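Each chain gets a letter, A, B and so on, in the order its sequence line appears, and its residues count up from 1. Both backbone and side-chain heavy atoms feed into the values below; hydrogens, waters and symmetry mates do not. The model shown is predicted, which means the values in this text are computed figures rather than measured ones.
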Amino acid sequence: MNTPPALAAPRARLRLLASLRRNAVGYLFLLPALLAFATFSWYPIVRGFIISFQKYDLVKGAEWVGWSNFEFVFNDPLMPIAWRNTLQFTMLALLIGYLMPVMLAILVNEMKRGKSYFRLAYYLPVILPPMVSVLLWKWFYDMDTGLFNAILQAIGLPTQRWLFDRNLVMLCLVVLSTWANAGGTMLLYLAALQGVPSHLYEAAEIDGASLWRRLWHITLPQIRGVMLILLVLQIIGTMQLFTEPFVMTDGGPANATLSVVMLLYRYGFRFYNFGAAAALGLILFFVLVAFSILYMWLTRRISQSL
Amino acid sequence: MKFTRVKGVIGFTVLTAVLLSACAPQTVVVTKEVEKQVEVTKVVEVEKVVQVEKVVEATPIPAAIIKVTSTNGPDENSGVQLARHKLLTLGFKEIRPDVEIVANPSPFDAATFPARLAAGTIEDTYLVAFTEPQNMIANGYAADITDLLSKWEGFKSFNPGVLQVVQDANGRVYGLPVNGYAIGLLYNRALFEEAGLDPNKPPLTWDELRETAKTIKDKTGKFGFQLMPATGEGGWLFTAIAYSFGANLIEKKDGKWVATYNDEATVKALTLLKEMLWNDETVKLVQDGVAAATSLTNGEAAMHIKAPDLLFWMHDNLGAKVENYGEGPMPQAGGNATLTGGAAWLFSPKASPEVLQAAVEWSLYRDFDLATYELDLKTKKERGELIGIPSLPLFTGDYQAKRDEILKQYVNVPLENFAPYMNATNITMKPEPPVEAQKLYTELANVLGAIASDKNADPQSLLDESVKMFQAQVLDQIK
């Protein structure tokens, strides 16, 4: 049956009004969050986008400069160094930090006794404010009075220059970062492990599967969805490396820990070049958007396969 | 569910009203001008909020209407600081009853400054280290106060070398230097004695310093010297070292700025540090200024390139005993020069002329009025603060002599420990590199970092590479 168009429109409007009225309370509850996000996230994002095409003078006002901020950023010899460092950190963090929480979670999960103690112990560093853990590790790494060199000395090994060795410094940051963050990720894996049906293990045990085979054929395939998502999240997180080099090394020695976000900070707040800072921010934004799309695609695929 | 919906609508209205009133200070422009007072009336109706701005013309200027805000105010938990501030503001009130001083305890913060300036929430006057003004003047982050300051009778007595820090290329003045120092050699006298060295005779040349550091290492096992190779602050201190070798770092040639810090002098300076670090192993590497002060206080390292004013910080924060330290002049190796530092008050380019004038008058009263100066020193002494740690004379001639005369009565630090520093003549006081100093420091810190992390690094080629980059990326970009 065909409805005359004149009638269809009011009916659609009525339906919209009705749904609005039905959901008014819902929108009301959303309002504070929407306002907070708009003020502190979306508005700055839009401003960042605009400023990246401006010479941003705080006193005289802004001036449009086209692509010149991007030209400046791409011509900066520090740019490839910063990206190389950031990728190096991301790769090292994957090598060292990615499997650590999985192993911790499986170990804690397998424990017959003291499970909650270890869960808490591994989670503890996450509770510390990042600044505190960074400052604590700064002392661990101290060349002359630090903990690590004291240990090396006690067991008769040569001491290291840690944060002053440009070949070692990035590794130092990765170890700290893994220590500080692994606990949180471990909890996610622990939760995922609770979801693995126990009858699978029982069946495997009856078939005489060893611990290793159970791990390989049951545990890992069952949590691979969570693992994939956390992989992408970790890449996104580690590419924004800032706190550790900012507090510990100021990007040194010899630019060895100058990350992309550190460079951005330097442009903006040490040299007052906000246009370049915004331009670099936008570049990083697009790189991370690529990973985020991958993340969303993966989540959808995994939820479909479940 | 009608009841719920009515409550929802009321809730929405109330929430909107609350949110709008929270936003109100941003939507209303509160100017510091005296003539206008803006009054906001909000009419809240059932489903809409109407905001009305009513401009009321205020006729005569009432008392205490000019509000001057400043950084570095008294710490609210410190009775002595509050007492000092009260003393000063009451005194100022007698001269300018129409001015109210609001001093926030927080110091200048380079990271938040630009945003606060843009938002119009920055203080009218802020105290910054000598490393900042040139960068800030170039960016327009400081008001031109030449005309206001030149009316003051002491203006002509300003030490030109100090005033230069807050001047642009045309000689316009953008700030008020309130203390200055020349970088020298701060050292731990106790460690000198322990190593069998005369604590009254600090090394005067870099060769002597190298030998002294070795002796200290051999006799006490402690480090003779320390370096900060990772942060911009380390680059700043290296500037002082390079000056003492005769380097200029950046020079103007044919109207163009040229990076020259791959010259013989700078290479020599860097090579010496490298040899002390890797061959003599007499250098402690420290991450930042706090670590440097701590290791000097704890006696982990004996000598540090720094002005004696660090002792204030070491005394207040680490409990260092001032009599254990001495200051020698900057060791030399052909440059006969050192870097100057200090602090200056700058003024907001967004402040109105009335506020600007009041702020300058307040600064002059607080820091340069002789009666105030004496009162301040007297109360400082009563509180047990350090007085008499040598600083660079800000003025020349009669006015400076009067200040020195007053200071002499209140000194409570052993001046003889600073005699080598104060008696050093013929060392030129050089200001910071004239352009892009902050970027240069960051770059020099990178070079130092390369030396500190690589035993085989070659100073000449490192500096060549750095100069090439700095010239293209920084100096050639200056318009």
task: Look up atom OG1 in B/T442 and atom CZ in A/R266, then write down how far apart they are to the nearest 0.5 Å.
output: 5.5 Å
message: Need one label for B/V447: side chain, backbone, both or neither, based on atoms under 4.5 Å from any heavy atom in chain A.
response: neither
query: Given a strict heavy-atom distance threshold of 4.5 Å, which part of B/E300 is in contact with chain A: side chain, backbone, both, or neither?
result: side chain
query: Measuring heavy-atom distances to chain B, does A/Y27 have an atom under 4.5 Å in its side chain, in its backbone, in both, or in neither?
result: neither
Chain B neighbours within residues 238-249 of chain A, where any heavy atom lies under 4.5 Å away: A/M248, A/T249
- line: Cut-off 4.5 Å, heavy atoms of chain A, and the answer for B/E233 is neither
- prompt: From A/D250 CG over to B/Q287 CD, what is the distance, rounded to the nearest 0.5 angstrom?
  reply: 8.5 Å
- line: By residue number, those in residues 158-166 of chain A with heavy atoms under 4.5 Å from heavy atoms of chain B are A/R161, A/L163, A/F164, A/D165, A/R166
message: In this structure, is the centre-to-centre distance between the rings of B/F113 and A/F269 below 6.0 Å?
response: no
message: I need the contact set between residues 132-146 of chain A and chain B: heavy-atom distance under 4.5 Å, sorted by residue number.
response: A/K138, A/D142, A/M143, A/D144, A/T145
- prompt: Can you name the nearest heavy-atom pair linking B/P114 to A/Y272, along with the distance?
  reply: CG-CE2, 3.4 Å
query: Looking at B/S453 and A/P253, what are the two nearest heavy atoms and their distance?
result: CB-CG, 4.3 Å
query: When you look at A/L78 and B/M469, which way does the side-chain contact (heavy atoms from CB on, under 4.5 Å) test go after all the steps?
result: CA-CA 10 Å; A/L78 290 179; B/M469 195 286 295; 5.5 Å; no
query: chain A heavy atoms under 4.5 Å from B/L285: which part of the residue, side chain, backbone, both or neither?
result: both
message: Using a 6.0 Å cut-off, check whether atom CD of B/E465 has over 12 heavy atoms from anything other than its own residue.
response: no
- request: With chain B as the partner chain, list the residues of residues 36-43 of chain A whose heavy atoms fall under 4.5 Å from it, by residue number, and write 'none' if nothing qualifies.
  value: none
- line: Comparing B/L117, B/N139, B/D288, B/L462 against chain A, the one with the most heavy-atom pairs below 4.5 Å turns out to be B/N139
task: Please report the shortest heavy-atom distance between A/F72 and B/Q473, naming the atom on each side.
output: CE1-OE1, 4.2 Å
